[in-house]
Amino acid sequence: MNSTLLLLLLALAVAEPKPPMIRIEYRVLSSEIAADSFAAKPRVLYIAGTTFSRTEEQPDPALGIHGLIVCAEPDLWMINLIPRTAQHIVDPGPTFIVHNNILDRKAPKEFATFEFGKEVEFFWSHHADPLQPRSLDGQRCEVSDLTHEKYRIVLFVRPDTKKPFHLDVFQNDKALFSVRYLNYQTDLPFEPELFKPPPGLTISEPGQKKGR
């Protein structure tokens, strides 16, 4: 057998299989977010394993921004699709794990692992309190409640798919924000092109000024 071919076969044999993807389409709801504003528009998040993520935002013509964030640890690209520019950032490590946190850094450390794609797992592992099933906008849901310090989170899960339908976040018993899951798909085949910057970008590399 040709030595080059043998090396290729060996490389393929030991290559790490790519993880399946999660695709989440969601909206953030809040009394402080106008229903027709950019902040209220849906976003799409792709997650694959612990090192890949992609966030697709809607265009914001008023600010001239159409945001796209692509992460393939240790590389991350902050992209504006309107002028076709991007900033390349390299994670210095020592760990190379992408996080998709739902709460901000002000939240207690108890919620550090509360992330998109892991909502049901988080509630289960933290022994959340089950509440009575409820209907929300015509969708019957199983409901769980979890309280820690000043924060309370309530997760609504579709009983047929066991996937999130809605999330409410409270702080000091005041509604902080909600997440409405418009679409939640799991175990999708890995698509490597989703975790690369699209062609035709002007990319600022680390240490360069943006736009150069």
Side-chain angles (χ1 to χ4, degrees), residues 18 21-93 96-107 111-112 114-119 137 164-169 171 174-186 188-212:
K18 296 300 184 183
M21 298 192 308
I22 300 172
R23 182 186 183 277
I24 303 171
E25 184 176 359
Y26 69 96
R27 294 179 60 201
V28 177
L29 310 173
S30 168
S31 59
E32 299 181 2
I33 298 177
D36 59 349
S37 68
F38 167 75
K41 292 182 179 180
R43 297 179 180 182
V44 176
L45 172 63
Y46 291 88
I47 304 167
T50 60
T51 57
F52 298 97
S53 75
R54 175 188 175 99
T55 302
E56 301 175 350
E57 297 182 347
Q58 298 291 323
D60 186 354
L63 294 179
I65 298 174
H66 185 183
L68 171 65
I69 302 173
V70 176
C71 183
E73 284 283 3
D75 297 295
L76 182 143
W77 293 270
M78 305 284 292
I79 301 165
N80 185 349
L81 292 171
I82 292 179
R84 308 293 295 180
T85 59
Q87 183 176 6
H88 179 207
I89 301 168
V90 178
D91 188 344
F96 300 104
I97 299 175
V98 61
H99 294 283
N100 300 282
N101 297 90
I102 297 175
L103 303 185
D104 62 26
R105 295 180 180 179
K106 298 178 183 179
F111 297 106
F114 183 43
E115 302 184 26
F116 285 103
K118 301 177 180 178
E119 300 92 339
D137 293 338
F165 176 74
H166 185 88
L167 173 73
D168 287 327
V169 179
Q171 184 179 13
K174 179 183 178 181
L176 196 59
F177 68 90
S178 299
V179 176
R180 174 59 59 87
Y181 297 89
L182 306 176
N183 193 277
Y184 202 110
Q185 297 173 278
T186 58
L188 298 175
F190 185 83
E191 297 183 34
E193 294 304 315
L194 289 176
F195 306 104
K196 300 176 183 178
L201 299 177
T202 299
I203 300 177
S204 298
E205 296 294 338
Q208 293 181 339
K209 292 182 179 180
K210 189 175 181 180
R212 291 186 60 186

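The structure presented is a predicted model; accordingly, all values stated were derived computationally and were not measured. Computation of the quantities below employed the complete heavy-atom set of this structure, encompassing side-chain atoms and omitting hydrogens, waters and symmetry-equivalent molecules.
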Please enumerate all residues that pass salt bridge (Lys or Arg N to Asp or Glu O under 4.0 Å) together with Asp104, with sequence neighbours excluded. none
Under the side-chain contact (heavy atoms from CB on, under 4.5 Å) rule, what do Ile79 and Thr85 come out as? Steps first, then yes or no, please. CA-CA 6 Å; Ile79 301 165; Thr85 59; over 6 Å; no
If you define the side chain from C-beta out and look only at heavy atoms, does anything of [X] sit under 4.5 Å from [Y]?
X     : Y     : value
Arg54 : Leu68 : yes
Phe38 : Glu57 : yes
Arg23 : Val44 : yes

Between Glu119 and Tyr181, is any side-chain donor less than 3.5 angstrom from a side-chain acceptor? yes
Is the backbone of [Y] close enough, under 3.5 Å, to the side chain of [X] for a donor and an acceptor to pair up by distance?
X      : Y      : result
Arg43  : Ile24  : no
Asn80  : Ile82  : yes
Lys41  : Pro59  : yes
Arg27  : Pro42  : no
Glu115 : Asn100 : yes

Please step through side-chain contact (heavy atoms from CB on, under 4.5 Å) for the pair Phe165 and Arg180, ending with a clear verdict. CA-CA 6 Å; Phe165 176 74; Arg180 174 59 59 87; 3.9 Å; yes
side-chain contact (heavy atoms from CB on, under 4.5 Å) for Phe177 and Leu103? Distances and angles first, verdict last. CA-CA 10 Å; Phe177 68 90; Leu103 303 185; 3.9 Å; yes
Could you check whether the rings of His88 and Trp77 sit parallel, tilted or perpendicular, using 30° and 60° as the cut-offs?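 Ring orientation, 0 to 90° scale: parallel.
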